[in-house]
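Quick caveat: nothing in here was measured; it's all calculated off a predicted structure.
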Amino acid sequence: MKRLRYSLPILLLLLTTGMAISPALASSPNYNINTLAGKVAAVDGAAGLHIGMSDFVQQEAAADSPTTTSPTCTIGTLCTPVNVLSSPLDPTSVASPDVTVNQDTAAAPQNEPAIAVNPNNPDQIVAGSNDYVTRTWTCMISGTPCSELGDGYSGTYFSNDGGLTWCCLATDPSNIGTLIPGVEHLVGGSYDAGGDPALAFDASGNVFYVGLGFDRTSPPNTVEVSSGTFSTAGGSTTLTWGSPTFIAATTSPSVFNDKPWLGVDSHPTSPFANNVYVSWTRFIFNPFTGAYRQSPISFVYSTDGGKSFSTPQLISGNVLYGQGSHIVVGPDGTVYVFWDGSTRLASLDSIYMVKSTDGGRTFSSPVAVSTLVDIPTPQYTQFRDNSFPAADITPAGELYVAWSTEVTNGQVTPDVSTSCAYFIVGTSAVYSSCHSAVVYSTSADGGTTWSTPAYAFAQGARSNAGYPVTQPDGTAFNAPPSTPIDSLFPAVAASSSGEVYISAYQVDINSPWQTCASPGTPTSVGRIDCLTLGNYINNGRLDYVVTDLASGKTETVSTNPINSQYQFGGGFIGDYTGIAAGSDGSFHAVWTDTGNVQTVVWWYGYDFSLTPIHQQDIVTASGNF
C-alpha cells in the first residue's frame, strides 16, 4: 500500500484554504481508463501514493499486445524453442506427501489458491485458483485456437478423501470440469478473464465461490458469486456450480472492482446462519483525466444463499486508500472485515478492522489493529507482493489476524520503523538492514483491543545452494553474503476444536539462476523460448511452512524449494496462499508450487508441440500437530 506525501508548504496551503487533498494533482497526466492497463498505470502513477491493484489484475493488464512487431513465433506455425530456462536444482515432479490439486497435464499455470473444508465433513474440501487451463486447450473455434481465446479463468477443484485425490479436468468448452461457469467467454460468460478466488461453506454444506470478471481492453468488470452443491449418484460424489450472481457490475471506465473476499456464516446457532458476505476494493478514477482517486472497501450481504445481495455499502470510513479485505464470521454471527489501508495523511499503513453485529447491515467505525511497513519484493526475487491481512476466529470468539511487515534485522520483537520503508529510504537501504516478517495479533474482546504483534515464525538466515557457477564470459559467480529469511503471504485457520494455524511462504534459500538475454516475442512466447542465455543472478527460492500457535511447532510442508522464476518471468505467483482446518483439527494448506514438469503443446495460441517446461500448480499438504 502507498500513502500520500506532500511538502509542508503544500500541506499548509491545502489545510488553510480548505482545499481537498487529492492523490492526483492538477498536473497529473491523463490515463486511458477504458483499458485495464490504463487503470493499473493510473494507480501506479498516483503522486506520492503507494497502492496497487491486485497482482492478478496487474498481470492481466500486462498481457500480450496484438501490435507486437517482428514476433519470433507466429500463430499457425510450430514454435521450436532455442533455450528453455530451468535449473538443475529443481525437481521434475511434486513429491509425496504433497498433492497437486489441478488435474491438467499440458503445463497450464495455476496460482493464487483458496481452500475451504465442509464443516459437516472434514474429508470434503474445495480449492480454487486463477486457472489458465484454457490457454493450453487444443480445440479450435472457427479456425482460431481456443488457447488464443482463453485467459485466466475461475478454477475450482474438490476432494472427497481429505485431500488425497482431486477432481476435475477441463478440456474444452463442452467439458469445463469444475471451472466456474457463466463468467468468462469459453465457459458461457461475457468477460475476457476471471479469478481472484475465495471460498467458504455454509452450515448446510453448500460451498460458495467469489471472484472477478473483467475485460482487458474495455471497461466492463464485476464481482461474482457462485453457489456449489454436492450430489451422489452411482457411488460417486460430484460438485456442480450454479449460474453466477453478479455484484456491482459496471461498464463505467471510472470504477474497477478488485480483490474480493467471501465470508459465510456456517454456525448453525447464529442468528444469521447461512448468510453470505462479500467485500472488495472499489477503485475510483477521475472520469475526465483517468487519475486514481481512492479505493474504499465495499460490502454486501445475502440472506437467500447468494441468489441476491444487498445494495453495496462502503464500510471503510475515513480509510479511503485500502486493499486486500478479508472477512471473518464469529460463532455469534458477528461479521469482521480486515484490510490493509491508510487515511489521507498517514505516513504508514495499518491493518484496519470493522465489525457488524446485525448481519452486515451496519458497521462500526474502523479500528486500527496495528501500524505496518509495507514490504518490497524480497531480495533476489522479482514477484509482486503485498501486506494484505489474513484472519480467522476460534469457537471461543478469539480473533487472530496475520500480515507481512518489514522489520529491522535482529529485532527480538517486531518493530515498525520508517527506516525499513522502501518508499522512504529506498530498496537498497531496506535490503541492507531489514526483511519481511509475518506477524500476528489477537483480540479476546471482539476486536476492541489487540495484542502487540508477535512473530509467527522464528527469524533466521537463508542458506545458499548451487554455487559457484560459471558465467557465459567464463568468470565465477559465487554465493552472496548471508541474507535474512523473508516471510510473506500468510494464511490463518482456526479449527472447530480450537487449533490455530498460520502458514506462509519463506524465502529461505539463495541459488543461482541463469537469465534470458534475448527472449522470444511476443511476451507469452518469451516465457518459454529464450533466444540467447544471459548471466546468472541470485534467486531467492521459497518454502511453504505451517505453524501451530498452541504448540509453537513449525513444519516445512513443501517437499522441494519453489522457484518463482517459472511461467510469468518471475513477476507473478499470485496475491496470497491459503489454509483451512477441518472439524477433525487437521489443516489443509495450499500454495503455488513449481516442482512439476509437463509437456506444453498449445500455449496462448502458439503451437509448442511437445516442449517440456516447469509450470505453476496449486499444491496442498495436510496434517495435524
Side-chain angles (χ1 to χ4, degrees), residues 1 324 326 338 340 348-351 353 368-379 381 385-394 398-422 430-444 449-463 482-494 499-509 540 542-558 576-579 581 587 589 591 623 625:
M1 292 290 299
H326 192 107
F338 299 86
D340 173 9
L348 296 172
D349 277 12
S350 294
I351 298 299
M353 183 217 76
V369 176
S370 175
T371 306
L372 64 91
V373 180
D374 286 290
I375 65 174
T377 297
Q379 189 171 19
T381 69
D385 58 17
N386 58 68
S387 293
F388 300 162
D392 209 347
I393 190 168
T394 68
E398 188 170 17
L399 288 158
Y400 288 78
V401 59
W403 64 94
S404 295
T405 184
E406 202 72 9
V407 298
T408 305
N409 295 344
Q411 292 292 307
V412 176
T413 57
D415 64 344
V416 176
S417 172
T418 55
S419 64
C420 286
Y422 69 94
V430 170
Y431 286 162
S432 67
S433 58
C434 308
H435 66 283
S436 62
V438 171
V439 301
Y440 73 97
S441 179
T442 65
S443 174
T449 60
W450 290 88
S451 66
T452 301
Y455 291 124
F457 308 100
Q459 307 302 286
R462 301 185 196 181
S463 60
S482 178
T483 53
I485 292 173
D486 290 282
S487 301
L488 67 159
F489 290 168
V492 181
E499 293 93 348
V500 179
Y501 302 104
I502 298 179
S503 59
Y505 285 126
Q506 289 195 328
V507 187
D508 56 2
I509 299 175
L542 293 70
D543 276 304
Y544 200 72
V545 297
V546 179
T547 190
D548 172 16
L549 292 184
S551 67
K553 183 179 180 181
T554 298
E555 289 187 357
T556 299
V557 294
S558 52
Y576 48 86
T577 63
I579 192 169
F587 69 81
W591 64 94
F625 291 120

What pairs with [X] under side chain to side chain donor-acceptor pair (under 3.5 Å), at least two apart in sequence or on another chain?
X	value
Thr405	none
Thr394	none
Ser441	Ser451
Ser551	Asp548

Inter-residue atom distance [X].[atom1] - [Y].[atom2], 0.5 Å rounding:
X	Y	atom1	atom2	value
Ser436	Asp374	OG	CG	11.5 Å
His435	Ser487	NE2	OG	7.0 Å
Thr371	Leu348	OG1	CG	6.5 Å

Review point. Asp543 and Thr556: side-chain hydrogen bond (donor to acceptor under 3.5 Å, both in side chains), yes or no, with the steps?
Key: CA-CA 7 Å; Asp543 276 304; Thr556 299; 5.4 Å; no
So which heavy atom on [X] is nearest to which on [Y], and how close?
X	Y	result
Ser558	Trp591	CA-CZ2, 3.8 Å
Ser370	Trp403	CB-CZ2, 3.6 Å
Ala402	Ile502	CB-CD1, 4.3 Å
Leu542	Asp508	C-OD1, 4.1 Å

Practice item. Please list, chain by chain and in numerical order, all residues satisfying ring-ring contact (aromatic ring centres under 6.0 Å, His included) with Tyr440, sequence neighbours excluded. Key: none
Review point. Can you name the ring-ring contact (aromatic ring centres under 6.0 Å, His included) partners of Phe587, sequence neighbours left out?
Key: Tyr501, Phe625
By side chain to side chain contact (heavy atoms under 4.5 Å, CB included) - contacts of [X] (at least two apart):
X	answer
Ala491	Ser503, Tyr544, Thr577, Ile579
Ala390	His326, Val492
Ser443	Leu399, Asp445, Trp450
Ser432	none

**Study point:** Expected output: side-chain Asn386 to main-chain Phe388 donor-acceptor under 3.5 Å
**Key:** yes
Check your understanding: With distance as the sole test, does Thr408 use its side chain to make a donor-acceptor pair with the main-chain N or O of Cys434 at under 3.5 Å?
Key -> no
Point to revise | For Asp486, all residues meeting salt bridge (Lys or Arg N to Asp or Glu O under 4.0 Å), sequence neighbours excluded | key: Arg462
